[in-house]
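Computed from a predicted structure; not experimentally measured. Note that ligands are numbered from 1 as they come in the structure, with each ligand's atoms numbered from 1 the same way.
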Amino acid sequence: MSTKSEPALTGGCRCGYITYTAASPPDEFTNCYCQTCRKLSGAPFLTFGRFPTSAITWTSGEKSLTKTTYSDMAERTHCSTCGSPISMQYKCSPATISITAGSIDEDTVKTTLPKVSEDIFVEEVEKSGWYDLPNDKVPKYSRFPPSFQKKIDAWRKTVLAPGSGLG
Ligand SMILES: [Zn+2]
Ligand SMILES: [Zn+2]
């Protein structure tokens, strides 16, 4: 049998031009309160689900996925037609891709999704003056969680190493 199994969920942008399927559900959700996420969403934070990169298939509109980089360590995409933010991928972690939770079509979800498990870059929203962080049990980090910061630091060393071609 070569029948392809049903995707765990599907998603896309607001105008419907960009669509994707995910072969497996995200293993975690993160709220990012950094200034870039606030500017792009117009809201206190953006929520991302982390998927294996190989699990995501762009089913339409891949060419109108506009890529942007606001830092040297990650690349984001959005729909060039409606502006919906779609993904973010860290260069230190090419095997995973973060997809905006709001782009998921909830009526297609086949499994129980995990709840948001961390709030990151909360120090940036605390400066806003107009938003109080929720008093909940979700762990809150000033910037990246220490384990991910280590990963970024290790990646940076590799990129900047003599002979790597980038230094
Ligand atoms: Zn769109
Ligand atoms: Zn952010």
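Taking a cut-off of 2.8 Å, the protein N, O or S atoms nearer than that to the Zn ion (ligand 2) are C32 SG, C34 SG, C37 SG. Distances under 2.8 Å from the Zn ion (ligand 1) pick out the protein N/O/S atoms C13 SG, C15 SG, C79 SG, C82 SG.
Between the side chains of S64 and T81, no donor N or O sits under 3.5 Å from an acceptor N or O. Looking at E118 and T30, their side chains do bring a donor and an acceptor atom within 3.5 Å of each other. For the 3.5 Å distance criterion, the side chains of T19 and T59 qualify, holding a donor opposite an acceptor.
With hydrogens and angles disregarded, no donor-acceptor distance shorter than 3.5 Å links the side chain of S103 to the backbone of I99.
Residues Y90 and F148 bring their aromatic ring centres within 6.0 Å.
The aromatic rings of W58 and Y20 lie perpendicular to each other, with more than 60° between the two planes, well past the 30° mark. Using the six-membered ring where Trp is involved, F144 and F121 have ring planes that are perpendicular, over 60° apart on the 30 and 60° scheme.
Under the 4.0 Å criterion applied to side-chain N and carboxylate O atoms, K91 and E75 are not assigned as salt-bridge partners. Using a cut-off of 4.0 Å between Lys/Arg side-chain N and Asp/Glu carboxylate O, R156 and D72 are scored as salt-bridged.
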